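These numbers come from a predicted model, not from an experiment. Atoms considered below: every heavy atom in the structure, side chains included; atoms not considered: hydrogens, waters and symmetry mates. Just so you know, ligand 1 is whichever comes first in the structure, and atom 1 is the first atom listed for that ligand.
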Amino acid sequence: MDQELMSNEENYCFDIAGYLHVPGVLNRGEVEQLNQTIDKAGQLSDMLGWDGELKEPFRELLVHPHLVWYLNQIVGIGFRLDREPKILCDETCDTTAPLIGGNEPRMPGIAYYHQNGRRYCEGVRVIWALEDVNEGDGGFVLLPCSHKSNVASPEDITTGEDDMGLTHQPVLKAGDLLIVALSALQGMRPWQGAGQQRLLSYEYVGRGVIRSAGTGSMTEEEPHPEWHDSLSEEQRASLYKPGYKSTTPAPTIVTDGKTVKMDETREVFHPSIYKLDPDSEIDYKEFYFWDLNGYLVLRGVMDEEWLAAANETIDKFEDRIVVGEELARGSKSLAGTGRPLLSGLLELPEPYCEPFRQMIAHPVVEHRLNWMGASGGRCGGATAFCSVLGGSGHSLHSNNEPLYPPMGYVFQNGRSYDQAVTVAWQLRDVEPGLGGFACVPGSHKAFYPMPPGIRTCDDDMGLVVQPVMKAGDVLFFGDGATTHGALAWKNPISRRGILIKYTSRNFHRSGGDMVHPESRWGDLIAGMSDAQLAVMRGPDRDVGTNNVPRLQVENGQVAVSYERGSALYSKEAPTGPLTK
Ligand SMILES: [Fe+2]
């Protein structure tokens, strides 16, 4: 490995999606040797102890230099093998079992940690593909982003009954390496492929993680001093030594504040002060999807009549469509013509404004806005996005890194705190692969900067999603936290999305009259200096950096800087000193 550290692309991908695909780590000869050895052994597990030379290639893989290099950075130095490797396939796995993993409730011993640029993914599954896995082959599947999920996985998703389109079956070539966070929801599905199924899986954990007992004879019996014999079962359970079969998983003492009682199932007992609220009127699966991905689609909110009225209005005012700038910003895949917009839909004359005014404070939508970011959100106007065949996409923008509070996403104690949500009403079908809104699921929790290939979509590592929608569907996305934009429009039928941006009660994103000190304070500010006036301003445009007058200290003196740092400069901001 000639680089010292993983690239930002690799960090970003593992960070937001919970897995990393490293192609071509093993060459054809190495893959062949492993396959022949498995065929010779005629077994699918216990390979580290196979006879004679048979075990050697599997022992070498255990500390393959490429793998060590990645795991030092992903798990942390001192990572260990948690359990013996095995071939994942229909013979060794229950392919009808629900997926396991997910980050709620949190399992600290396999969880994903990140703070101040330091990461510890305490548990990973490492898969070496020894045969190709094509699209639709089945076998190993995972749910991207679920290593950071704050909401417990719905049963429909773990069983596959209704996975909401979230399950991902990685496509691999023989010789590829796949590293998956153990806290990501994952499991095995029946093999449908024409070829042989051969995924070699090792599970590694952090240096201090207690997860499974080993297989040595020492693990059979936990030693204990004689005096333990006179203790109660619960007392002995409090004094257990980890690492033995009888103490893995750890014993569970159930408590109620008055009594102690052993629970033989050993399920984790971890009381909470909260209970799921069945009266919250929040659809649980919607909430899960939103927290996981940073966007949500509600199906069929508009009926035929409403859709027809809205579409007829756009047809009628087609001559008011203004073709704006090309927004591909240097991307090859997003390049095309400028973006046609029809704005001011709420201000159209009666009755044409009606189908759009109906979108404001609509009970179905307003309820979602309330649970996504609390009451008090306010919207600007409604604008139709009318891209035509050959129209450019919009280079992807926004991300949770760097953190930006006025537009960020936080989950705490069962609540979503998204400060900036855009609602997009679909007046026409959005077909698969034909362009339109696109986003990076999970980017609202990113800890690494957005890579250039994501911004342009020219090298998106399979992380960019273009949701398929029907006319009448409504899309929500965190427009400040979730990385989003649009793919080039490839449909001969032009796009018809009505975008309405909501800003939270907590921050200003546009400024306005009350920014000016005299509007806000009246005579109180008379005779103030520029520095004083700078701090007497009202809430101003809080988008990007350096877009309001601000104080600087130079040589012990306070001065006001009016320097413009961003294209989104506050309209109300003065260009220089106000006082004479
Ligand atoms: Fe945007």
Side-chain angles (χ1 to χ4, degrees), residues 16 290 293-297 322-331 333-336 338-343 345 359 369 372-373 377-387 391-409 418-426 430 435-446 449-452 454-457 460 463-467 469 474-489 495-504 507-510 541-545 547 566-570:
I16 66 160
W290 168 254
N293 294 312
Y295 78 98
L296 178 69
V297 179
V322 176
V323 179
E325 55 176 327
E326 204 266 12
L327 297 162
R329 311 224 196 278
S331 158
S333 56
L334 303 182
R339 182 176 68 182
L341 298 180
L342 176 57
S343 52
L345 299 173
M359 295 172 180
L369 291 168
M372 287 173 181
R378 60 191 184 281
C379 63
T383 302
F385 283 49
C386 308
S387 305
S392 79
H394 188 175
S395 64
L396 268 51
H397 50 282
S398 303
N399 190 29
N400 186 55
E401 171 57 41
L403 175 69
Y404 189 49
M407 295 165 80
Y409 174 81
D418 200 312
Q419 301 302 305
V421 177
T422 290
V423 178
W425 299 71
Q426 309 304 318
V430 181
F437 174 83
C439 66
V440 180
S443 52
H444 60 316
K445 298 176 190 166
M450 173 177 32
I454 294 282
R455 188 182 66 76
T456 58
C457 294
D460 76 354
L463 298 173
V464 173
V465 160
Q466 180 235 307
M469 295 179 277
V474 174
L475 164 79
F476 297 76
F477 60 98
D479 66 70
T482 307
T483 298
H484 68 278
L487 303 184
W489 194 255
R495 185 181 177 190
R496 282 271 169 97
I498 310 299
L499 265 79
I500 303 177
K501 273 187 174 197
Y502 287 81
T503 302
S504 84
F507 296 99
H508 220 308
R509 284 167 79 189
S510 52
R541 179 153 204 168
D542 196 350
V543 177
T545 51
N547 52 11
S566 126
L568 298 170
Y569 205 86
S570 169

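Without hydrogens or angle criteria, S387 side chain to W489 main chain gives no donor-acceptor distance under 3.5 Å. A side-chain donor-acceptor contact under 3.5 Å links S331 to the backbone of T456. Remark: the backbone N or O of N399 is not paired with any side-chain donor or acceptor of E401 at under 3.5 angstrom. In this structure, the side chain of S392 engages the main chain of L327 through a donor-acceptor pair within 3.5 Å. Counting only distance, with no hydrogens or angles, the side chain of S395 and the backbone of R455 share no donor-acceptor pair below 3.5 Å.
With waters neither drawn nor counted, the protein N/O/S atoms under 2.8 Å from the Fe ion (ligand 1) amount to 2.
H484 is linked by a ring-ring contact (aromatic ring centres under 6.0 Å, His included) to H397, F477, counting only residues two or more places apart in sequence or in another chain.
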